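Below: one structure, written as structure tokens.
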Amino acid sequence: MFSGIDEVDWASMEHAYGPADDVPELLRGLASDDPAERETALDGMYGAVHHQGDVYACTLACIPFLFELAVDPGVQDRGSVVELLTSIGGFDLDEDDEAEIDEDEIEGAANYAMAAAAVTAGAGVFFELVADEDAGVRLAAPLALATLHRHPVRVLALLRERLPVEPEEEVRLALVEAAGRIALRHRPLAGRVAEWLGRLASRAHSPGLRLAALAQLARCAPDGLPGDVVPVVSGLLREMRSPPEKSAPTGDEAVPGREPEAEPRDPDAEPTDTKAVDAEPVETEPVETEPVAAAETCRGEQVATPTLVGQLRSLSAQENAGRGAPWAADLLRTLHVGLDDRVGDRTALLADQLRSPDRRQRIDAVRMSGGLIRAWRGPYEELVALVGDQLSDPEPRLAEAASHVLEELFGLAAPAADALAARLADRPGDWVRSWASGPPGLGSAVKALARLGDARVLPALAAALELPQVAHDVGFAVGHLGTAAQPLAGALRRRLAEVELDEGAYDRASPLLAGLTGLRAGEATPEVLRVLRGAPEYRGEWLRTAALRALGSFGPAAREAVPELRALIRRPGAASATEAAEALWAISGDAEAVLPALIEGLQSHQVHDRRAAAVALGALGPRAAVVAPRLRGLLAHEELWLRVDAAIALWEVSGRSRETLEALLADWDRSRHVRVRVAECVARMGPVPEGSAAAHVLRSELASVRRHNAMDGGYGSHDIHEDEKLLALCRRALRGTGKGTTA
């Protein structure tokens, strides 16, 4: 094995962390008899040689040796090697990608293309590995074939032939998943795959296999799903929770001594590379076996190692410990992805899962509920109430998962308010969480209840304010409560007065300032002024900005701050001059005093400062009409957010909505991220005329089922709140303009 490995000039190549002269050691480590050494080598391959999916020259040089490892029956854990080859060769570079490649990316793109060609050229070996004695290899081979082989018709025929004779349930699911992958990659075959999946889903197969078929059907041909997909899936989940019953076989199940019913052969299929080339593909039901954890059935011996791969496997093993069907959650997630915008079906299915006696199934359902609500709009009252019910469960992972989901819902968490309040009352130890590094933070249930504006959270916030180090997010929680949090004003003032104005002042003072800002607690002006005057050099600008915003929120109650603010706005070019002018206007209403500073801010070289000045000028309204030409000139600026802020300010100072609306609606189409800001302005303008361009845009937004800020592969903690705010603003702007305004 590894003939010629020492003849490769590894030292002349590089991987993610420098010279690639350690690659031969990694490759030999993959062949080690020591499980820990294999795990470490695999971690090195993913961490350096194939770092985050990248392909280097050394990655290409590894491919022949990885194939040697994959086919050598003496090597253990070869399934991981097959997965690594699939990852290296499975990158698709389509025409759109090629058009976007710049000069710096040409070499990387060429490496991807060469890797795909090299692994695809050797993909024929995976035909033999589908029937390998090692279950872990059989688990990885189907997806490798579906991803890499050039003849998908042959691969599909092999998958169908292999299914009836494969003894491991998890591998059978991999065969079905591979068929779904073929349908997605080769759309002309989608109908053929869907027909087969439909038969698998409807026949007397194991519930796991039927669920897998439905999940892949949802991915590649959702129109082929049965109309009663929710009760069907719910029934399958119940079967999977029940112990297998021994009964007489019926329907299409295999019966010893009887020839299984043959399925019509695919007329377009080519011979496969297996010994079953001349056999008719049949579908039979192998003997039902007691389900066991995936790591035990297909992965072989596993060890705990300090590597990333080892840690991920360890976490997966902990998560799946004791599960009869650890792959069920993945199948359900695949099904939900395939159901896409069928929010009603997905909600009904999750509601059924949340009522399951199986705690692990409920944990999965809670997490998937968060994903559904995060991406799609819909009526979620029942689902949220069921998530709230999980808060009282003694399983800590279930209750924790539920509180994290509710934390993101803001107003949508209302059906779970009583459950949240009960959990807070029962578990005061969870009010504040401490971390190994960084300041403490409020518990999820505390934040969820505060974001509802529910006063029952006050004891938790009061306790947080008495800790040696105040939770970093306590001020934002206070802001959501508004006047209901007035009893906390005294504690906020006292703790702010105690803050030492050293290099750590910002971290300690900013949560308190945020809380006082939310309360508009003008009586705290002396404490805020102390911070403003004594802000240290380190993060001083941030701290002064927080203090100035607090003073501005106090309004006329902060009169004693006026001399300080007048002095600040006399410092031309100072970063805090705009914030000081904004605060001075809110407190004194002296437009003549603040206009010069704001006009100067509008000419800053920093986009952030210009935006702040535009917003502040808009707050002056007609008293700042003199700056209308300057604001109008910014409507063509290249910076999106500056254009939006300038357009809104232009309407506020001039009262002319037409040119503002044209600019705002143009940017609405350019970026979904500005929509809340635009809708706020449009709603303040009053009901939009029926049949206008603005009405059309707002109605189109309300008709969309997908949240405007939903992203694939990422999300923000306030995404749901921002989208619900957008919907409310659209309805408000349309109010009184005709039917459908509450859609």
Side-chain angles (χ1 to χ4, degrees), residues 437-441 465 468-476 478-479 491-555 557-588 593-594 596-616 619 641 645:
S437 61
L465 286 171
Q469 188 173 9
V470 174
H472 70 90
D473 43 6
V474 70
F476 299 109
V478 170
L492 288 166
R493 290 183 64 188
R494 174 170 50 81
R495 293 307 302 267
L496 185 62
E498 296 169 356
V499 170
E500 293 185 24
L501 300 178
D502 53 18
E503 288 191 352
Y506 175 77
D507 289 334
R508 293 192 297 269
S510 59
L512 306 169
L513 290 168
L516 292 168
T517 301
L519 287 176
R520 303 181 184 276
E523 65 272 23
T525 299
E527 290 81 5
V528 177
L529 279 174
R530 182 184 79 91
V531 172
L532 180 65
R533 293 163 181 158
E537 183 176 350
Y538 181 68
R539 292 183 176 177
E541 287 297 333
W542 296 359
L543 187 55
R544 278 188 287 273
T545 294
L548 289 168
R549 287 175 181 171
L551 293 171
S553 74
F554 299 163
R559 290 185 198 89
E560 65 180 286
V562 169
E564 195 84 23
L565 298 176
R566 290 187 184 279
L568 284 174
I569 64 174
R570 295 193 191 102
R571 300 175 187 172
S576 58
T578 296
E579 284 86 358
E582 195 170 8
L584 181 58
W585 163 251
I587 295 169
S588 69
V594 302
L598 295 180
I599 291 174
E600 183 176 345
L602 205 59
Q603 302 172 52
S604 169
H605 295 297
Q606 301 296 322
V607 170
H608 172 78
D609 294 339
R610 300 178 83 177
R611 287 187 59 200
V615 171
W641 282 101
D645 288 335

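If you're wondering where the values come from, they're calculated on a predicted model, not measured in any experiment.
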For [X] and [Y], indicate whether the former's side chain and the latter's backbone hold a donor-acceptor pair under 3.5 Å.
X	Y	value
Arg493	Glu527	no
Ser553	Ala550	yes
Arg530	Ala497	yes

Heavy atoms only: give me the nearest [X]-[Y] pair and the separation to one decimal.
X	Y	answer
Ala613	Gly601	CB-C, 3.6 Å
Ala547	Leu513	N-CD1, 3.9 Å
Phe554	Gly522	CG-CA, 3.6 Å
Ile587	Gly555	CG1-O, 3.3 Å
Phe476	Ala514	N-CB, 4.4 Å
Ala581	Ile569	N-CG2, 3.4 Å

Any Lys/Arg nitrogen of Arg539 or Asp507 sitting under 4.0 Å from an Asp/Glu carboxylate oxygen of the other?
-> yes
When you check the gap from the basic side-chain N to the acidic O, do Glu541 and Arg544 get nearer than 4.0 Å?
-> yes
Rounded distance [0.5 Å steps], [atom1] in [X] versus [atom2] in [Y]:
X	Y	atom1	atom2	value
Thr525	Leu516	OG1	CG	9.5 Å
Tyr538	Leu543	OH	CG	12.5 Å
Leu532	Ser576	CG	OG	8.0 Å
Thr545	Glu579	OG1	CD	4.0 Å

Is it the case that atom [atom1] in [X] sees more than 12 heavy atoms from other parts of the structure closer than 6.0 Å?
X	atom1	answer
Gln603	CD	yes
Glu523	CD	yes
Arg494	CZ	yes
Trp641	CH2	yes

Residue among Val562, Leu548, Leu568, Leu551 satisfying side-chain contact (heavy atoms from CB on, under 4.5 Å) with Leu584 | Val562
Chi angles and distances behind the side chain to side chain contact (heavy atoms under 4.5 Å, CB included) call for Arg508, Glu500 = CA-CA 9 Å; Arg508 293 192 297 269; Glu500 293 185 24; 3.7 Å; yes
Can you list the steps and then say if Leu465 with Leu512 is a side chain to side chain contact (heavy atoms under 4.5 Å, CB included)?
-> CA-CA 9 Å; Leu465 286 171; Leu512 306 169; 4.0 Å; yes
Side chain to side chain contact (heavy atoms under 4.5 Å, CB included) between Val499 and Val531, worked out | CA-CA 9 Å; Val499 170; Val531 172; 5.7 Å; no
From CA spacing to verdict: side chain to side chain contact (heavy atoms under 4.5 Å, CB included), Trp585, Leu598 = CA-CA 11 Å; Trp585 163 251; Leu598 295 180; over 6 Å; no
